[in-house]
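Below you'll find the structure, written out as structure tokens, and then a few comments.
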2 protein chains.
Amino acid sequence: MRQTQQIQQLLKRNQLSVTDSRLRILELFFQQDGALAHADIEKKSGAGFDRVTIYRTLQTFVDKGIIHTIPTADNAVRYALCKDDCTQGHHQDHHVHFVCERCSTTICLEDVEVPAIRLPEGYTASHAEVVVNGVCRNCSQ
Amino acid sequence: MRQTQQIQQLLKRNQLSVTDSRLRILELFFQQDGALAHADIEKKSGAGFDRVTIYRTLQTFVDKGIIHTIPTADNAVRYALCKDDCTQGHHQDHHVHFVCERCSTTICLEDVEVPAIRLPEGYTASHAEVVVNGVCRNCSQ
DNA sequence: GCTAAATTTGCAACAGAGTTGCAAGAATTT
DNA sequence: AAATTCTTGCAACTCTGTTGCAAATTTAGC
Ligand SMILES: [Mn+2]
Ligand SMILES: [Mn+2]
Ligand SMILES: [Zn+2]
Ligand SMILES: [Zn+2]
């Protein structure tokens, strides 16, 4: 398996020990193009990892800049691979996210940048999150 | 009390019976300019309304177009009064929301419209949510 | 390859957010 | 004021996420 090798290297590059759950969870992210919620991972991982392990693994990946969180209206955090140059403690994912109303897939629109927002006097922006709801490419035909 | 009168009328206009919890919760919203989360209301209401009553009251107000929800990154729904022309089943609040990193107040920027987002081929937008994080007017001096 | 140290995992127990059914209580209608 | 309608509180439950700790696994040194 070529991919397993690549994932191992990704872990080592981030000074993380190579464990079954980390390999499997990253594998899921690489097989998917939409985002994954904790519950999705619990179902799809198969191997019956403990819920807590999954939470901790996801948190570790976020800390290392391997995945990023996506805020959605339904109060369940979703995660997706960082394709930008994110590093430990410094995420760079300034793109728009899309949630499909039909299939409820959550997708990173890597090429759509968050527009600059003109704020009233006295407000200083540090970061903006844009989530667009609508119908995705798959569902619109 | 003049305000109580006004709140009563707001309830009647929406075909809602006038009850202690509804009066009190609306009163809190009118006294506040930031948004309120369920937990805030539970604390500030004083009168010890049941948690379930608060949840149901908030849901009713959202359904009627009296308040709207604000998505934030911390996975706790916040609510604010609708100042736009929202009606039963049809919210019109297309403004930007702001979350202060210092005081964590959540504010509706009624005058800041959500910009149009250009999506890739195949995607259709129906609604976009913009949440800007930063430092608010109060905290920036 | 084996051992010791460092890290990760699973379990149990917990906290918080939100939902549902139902009987009792209040508000509205007549 | 009584009957009807609607709302509330309670209990019980689900789902999401967190923490402490001992056991298991991984890594590093030899
Ligand atoms: Mn993304
Ligand atoms: Mn608002
Ligand atoms: Zn879709
Ligand atoms: Zn502030």
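In what follows, every chain begins at residue 1, and chains take the letters A, B, ... in the order their sequences are listed. Bear in mind that the values here come from a model prediction, so they are computed numbers and not experimental data.
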Side chain of Y55(A) only, heavy atoms from C-beta on: which candidate in dT9(C), dG9(D), dT18(D) is closest? dT18(D)

Considering heavy-atom distances to DNA chain C, does T53(A) or Q59(B) have its closest nucleotide positioned more toward the 5' end? T53(A)

Separation of dA27(C) P from Q8(B) CD (nearest whole Å): 11 Å

Pick base, sugar-phosphate or nothing for R56(B), based on heavy-atom distances below 4.0 Å to the nucleic acid. base

Ignoring backbone atoms, establish whether S17(A) has a side-chain N or O less than 4.0 Å from OP1 or OP2 of dT8(C). yes

If we count only N and O atoms by modelled type, under 3.5 Å, do the side chains of D93(A) and H95(A) hold a donor and an acceptor together? no

Using heavy atoms to find the nearest nucleotide of DNA chain D for A39(A) and V52(A) separately, return the residue whose nucleotide is more 5′. A39(A)

Do the side-chain N and O atoms of T4(B) and E27(B) include a donor-acceptor pair separated by under 3.5 angstrom? no

dT8(C), dG18(C), dG17(D): which one has an atom nearest the side-chain heavy atoms of H38(A)? dG17(D)

Under 4.0 angstrom, heavy atoms only, what part of the nucleic acid is R51(B) near: base, sugar-phosphate, or nothing? base

So, OP1 or OP2 of dT7(C): does either fall under 4.0 Å of a side-chain N or O from T19(A)? no

Are N133(A) and H127(B) linked by a side-chain donor-acceptor pair shorter than 3.5 Å? no

Spacing of E42(A) atom CD relative to dG17(D) atom C1', expressed in whole Å: 12 Å

dT8(D), OP1 or OP2 - any side-chain N/O from S21(B) closer than 4.0 Å? yes

Please report the distance, rounded to the nearest Å, between CD in Q15(A) and C1' in dA6(C). 15 Å

Under 6.0 Å between ring centres, would you say that holds for Y55(A) and H38(A)? yes

Can you measure D20(B) atom CG to dG25(C) atom P for me and round it to whole angstrom units? 16 Å

For the student: nearest non-hydrogen atoms of A125(B) and V132(A), plus distance: CB-CG1, 3.6 Å

I41(B) CD1 to dG16(C) P, in whole Å, measures 18 Å

Per D50(B) side chain, nearest of listed nucleotides dT9(C), dG9(D), dT8(C): dG9(D)

Using whole Å, what does the distance between atom P of nucleotide dC6(D) and atom CZ of R22(B) come to? 11 Å

Grab the CD1-P distance between I54(B) and dT20(C) for me, whole Å please. 18 Å

